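A quick write-up on the structure given underneath.
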Amino acid sequence: VEGLNIRILKMKKKRDGLGNKVLFLDLSVDNSTSKRFKSIDLFAEDSNGNRNALSSAGGFEETISFEIEPHSLRRLKICFTLEWPKLPHKLVWLDHHTRQPVHVMPLF
């Protein structure tokens, strides 16, 4: 999507104590479009195509439900529980209606 700019301010992987790894992201999202983006459409996708939805594993600082309003700037702290943490991942935002990727950003 032209006009959607996502900047990673901080990225960190940590163990959750249950054998999984959690990816923490601190993002700056600049939405210069007329579209609204919802948290339900945001995923961390690995190189095998597995999509990990937002997780509440992080704690009270991380947001799991949000909307990015048109023509707005927002800072978000989010996290994903990764099924396959050693694989390369990318941040994928899907179109709410067609479920097709509208924004893809490599993470690691």
Side-chain angles (χ1 to χ4, degrees):
V1 170
E2 188 81 24
L4 179 64
N5 297 307
I6 300 174
R7 212 173 81 223
I8 298 172
L9 304 174
K10 193 184 231 184
M11 180 169 56
K12 188 177 201 177
K13 278 196 252 182
K14 290 170 66 175
R15 294 186 187 275
D16 68 354
L18 301 172
N20 295 316
K21 281 214 175 170
V22 179
L23 173 65
F24 292 89
L25 295 172
D26 188 356
L27 305 173
S28 173
V29 181
D30 183 3
N31 183 11
S32 300
T33 72
S34 58
K35 295 184 178 187
R36 179 170 303 188
F37 295 93
K38 300 178 182 187
S39 59
I40 196 168
D41 303 318
L42 183 61
F43 298 90
E45 183 178 297
D46 66 28
S47 58
N48 287 338
N50 300 311
R51 289 183 178 152
N52 302 289
L54 286 170
S55 172
S56 61
F60 294 111
E61 283 187 14
E62 286 73 32
T63 306
I64 117 174
S65 181
F66 59 86
E67 286 189 12
I68 306 293
E69 299 293 328
H71 306 288
S72 67
L73 179 63
R74 180 121 184 238
R75 184 167 177 186
L76 296 170
K77 290 186 178 188
I78 58 175
C79 68
F80 299 94
T81 300
L82 302 178
E83 186 176 359
W84 303 100
K86 292 185 179 181
L87 291 176
H89 282 73
K90 56 190 172 189
L91 195 63
V92 176
W93 218 311
L94 303 178
D95 180 89
H96 191 68
H97 301 289
T98 66
R99 306 310 290 163
Q100 296 301 311
V102 292
H103 188 81
V104 178
M105 179 180 184
L107 293 174
F108 56 90

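Keep in mind that the numbers below use all heavy atoms, side chains included, and drop hydrogens, waters and symmetry copies. Every value quoted in this text rests on a predicted model; they were computed, and no experiment measured them.
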For residues Arg36 and Glu69, determine if any side-chain heavy atom of one lies less than 4.5 Å from a side-chain heavy atom of the other. yes
From CZ (Phe66) to CZ (Arg74), nearest 0.5 Å: 7.0 Å
Quick check on side-chain contact (heavy atoms from CB on, under 4.5 Å): which of Thr81, Ile78, Asn52, Leu82 does Leu23 satisfy it with? Leu82
Shortest non-hydrogen contact between Val22 and Cys79, atoms and distance: CG1-CB, 3.8 Å
How about Ile40 and His96: do any of their side-chain heavy atoms sit closer than 4.5 Å? yes
Kindly compute the distance separating CG (Leu54) from CD1 (Ile64), expressed to the nearest 0.5 Å. 7.0 Å
Atom CZ of Arg15: over 12 foreign heavy atoms under 6.0 Å: no
I'd like to know if Arg51 pairs up with Glu45 as an ion pair, taking the criterion as any Lys NZ or Arg NE/NH1/NH2 lying under 4.0 Å from an Asp or Glu carboxylate oxygen. yes
Evaluate whether atom NZ of Lys35 has more than 12 neighbouring non-hydrogen atoms of other residues, nucleotides or ligands under 6.0 angstrom away. no
Would you compute the distance between atom CG of Asn5 and atom CG of Asp30 and round it to the nearest 0.5 angstrom? 5.5 Å
Interatomic distance, CD1@Ile8 vs CG@Leu27, rounded to 0.5 Å, equals 6.5 Å
If I take atom CG from residue Asn31 and atom CD from residue Glu67, how far apart are they, to the nearest 0.5 angstrom? 11.5 Å
Quick one: does any side-chain atom of Asp46 pair with a main-chain N or O of Asn48 as donor and acceptor, under 3.5 Å? yes
List the atom of Ser65, the atom of Ser39, and the distance in Å for their closest heavy-atom pair. CA-OG, 3.3 Å
So if I apply the salt bridge (charged side-chain N to carboxylate O under 4.0 Å, His left out) rule between Asp26 and each of Lys10, Lys12, Arg75, which one comes out positive? Arg75
Verify side chain to side chain contact (heavy atoms under 4.5 Å, CB included) between Ser34 and His71, making sure each step is shown before the conclusion. CA-CA 6 Å; Ser34 58; His71 306 288; 4.2 Å; yes
With Phe37, the side-chain contact (heavy atoms from CB on, under 4.5 Å) member among Val102, Leu94, Val29, Asp95: Val102
To the nearest 0.5 Å, what is the distance between NZ (Lys14) and CG (Asn20)? 14.5 Å
Identified side-chain contact (heavy atoms from CB on, under 4.5 Å) counterpart of Ser28 within the set Leu73, Leu76, Ile6: Leu73
Can you confirm whether more than 12 heavy atoms, excluding those of Leu87, are under 6.0 Å from its CG atom? yes
Trp93 pairs by side-chain contact (heavy atoms from CB on, under 4.5 Å) with which of Val104, Val1, Ile68? Ile68
Indicate if Leu42 and Met11 have the same hydrophobic cluster label, given that clusters are the connected sets of ILVMFWY residues with side-chain heavy-atom separations under 4.5 angstrom. yes
Taking all non-hydrogen atoms of both residues into account, name the closest pair between Pro85 and His89 and its distance. CA-CE1, 4.3 Å
